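Here the structure comes first, spelled out in structure tokens, and everything after it is commentary.
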Amino acid sequence: MNDEDAPVRLYALHRIVRAEVASDTPARAAAGFDLDQALARGQADIGQGELIDLELRVRGYLATVLSACPLAPGQWFEDEPEGSEFDLRVSARVPSTGQLLRWLLGAGDNLEVIAPPDLRHVVAVQAGKMAAIYSDRSGVSDAV
């Protein structure tokens with residue numbers, strides 16, 4: 001980008017709205033860079049991490065998002081029972097990566113990790129630490 005000499009830069013392609021070919025600027029190749037090797041090492045959090053059988057309960061916007069953008073091929077849904085706090089139960093076999101954990105934590109109360117148990121524990125511990133930070137604030141309402 002802009003003739004910078006930095007190592008290979010990664011871009012969030014889903015955020016790019018428009019792109020144009022710069023026909024007057026020759027493309028450059030990064031010396032020694034191999035995309036397949038970079039992905040296998042986990043660069044960009046797309047790594048070939050250990051596959052886990054993820055089971056979630058989701059609600060709200062996440063039910064819509066996961067219907068349109070599955071986490072993995074073979075993902076399946078099941079409606080939650082009437083009266084449940086959640087809309088869907090979602091299962092998929094996915095790589096266990098830092099990106100997955102950040103996504104789970106970013107979903108807030110729209111998601112509950114059911115399985116695997118160790119991932120559920122990690123999310124619960126992180127959520128507890130986050131709640132402790134905010135519980136020290138007096139006068140803060142629970143209403144959002």
Side-chain angles (χ1 to χ4, degrees), residues 1-22 27-144:
M1 179 174 133
N2 301 327
D3 293 327
E4 61 189 33
D5 291 329
V8 174
R9 183 178 293 271
L10 303 174
Y11 294 93
L13 294 179
H14 66 285
R15 293 183 181 172
I16 295 175
V17 176
R18 189 171 64 92
E20 294 179 15
V21 175
R28 295 179 298 140
F33 179 76
D34 182 293
L35 180 60
D36 291 328
Q37 289 177 1
L39 293 177
R41 286 191 311 270
Q43 191 170 346
D45 274 340
I46 304 176
Q48 307 299 319
E50 172 191 356
L51 289 177
I52 59 170
D53 293 317
L54 182 65
E55 186 174 346
L56 309 171
R57 292 188 331 146
V58 300
R59 63 178 159 211
Y61 80 95
L62 272 185
T64 303
V65 167
L66 292 177
S67 296
C69 303
L71 292 170
Q75 171 180 294
W76 62 267
F77 299 95
E78 181 180 326
D79 288 330
E80 279 287 299
E82 186 71 31
S84 171
E85 297 177 33
F86 292 89
D87 300 324
L88 294 174
R89 189 168 288 242
V90 180
S91 295
R93 189 162 180 79
V94 298
S96 180
T97 63
Q99 181 179 9
L100 174 64
L101 179 59
R102 286 188 297 279
W103 181 80
L104 294 169
L105 293 170
D109 68 347
N110 289 303
L111 172 147
E112 178 187 7
V113 176
I114 302 300
D118 57 333
L119 181 58
R120 178 183 172 87
H121 177 75
V122 168
V123 171
V125 167
Q126 290 300 313
K129 288 178 180 179
M130 291 168 58
I133 291 169
Y134 294 99
S135 68
D136 293 336
R137 310 285 190 242
S138 60
V140 175
S141 171
D142 288 340
V144 176

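These figures come from a predicted structure and were not determined experimentally. Only this structure's heavy atoms are used, side chains among them; waters, hydrogens and symmetry mates stay out.
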(Q) Checking V123 against L101 for the side chain to side chain contact (heavy atoms under 4.5 Å, CB included) test, could you report, in this order, the C-alpha distance in whole Å, the side-chain angles of both residues, the deciding distance, and whether it holds? (A) CA-CA 8 Å; V123 171; L101 179 59; 3.9 Å; yes
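Shown here are the side chain to side chain donor-acceptor pair (under 3.5 Å) partners of D109, two or more places apart in sequence or in another chain: there are none. Remark: E78 pairs with W76, R89 by the side-chain contact (heavy atoms from CB on, under 4.5 Å) rule, at least two apart or across chains.
Between F86 and L111, every side-chain heavy-atom pair lies at or beyond the 4.5 Å cut-off. Between L71 and L66 the shortest side-chain heavy-atom distance falls below 4.5 Å. The side-chain heavy atoms of L54 and I114, taken from C-beta on, include no pair separated by under 4.5 Å.
Sorted by first and then second residue, the salt bridge (charged side-chain N to carboxylate O under 4.0 Å, His left out) pairs with a member in residues 90-101 read D53-R93; sequence neighbours excluded.
Annotation: the span from L56 atom CG to L62 atom CG amounts to 8.5 Å, rounded to 0.5 Å. Annotation: the span from R57 atom CZ to E80 atom CD amounts to 4.5 Å, rounded to 0.5 Å. For the atom pair CD of E55 and CG of L119, the computed distance is 12.0 Å after rounding to the nearest 0.5 Å. N110 contributes atom CG, which lies 12.5 Å from atom CG of L104 (distance to the nearest 0.5 angstrom). With values rounded to the nearest 0.5 angstrom, D87 atom CG is found 9.5 Å from S67 atom OG.
The pair R120-E112 counts as a salt bridge, with a side-chain nitrogen and a carboxylate oxygen less than 4.0 angstrom apart.
Residue V58 forms a side-chain contact (heavy atoms from CB on, under 4.5 Å) with just one option from T64, V90, V65, and that option is V90.
Minimum heavy-atom separation, A132 to S135: O-OG, 3.0 Å.
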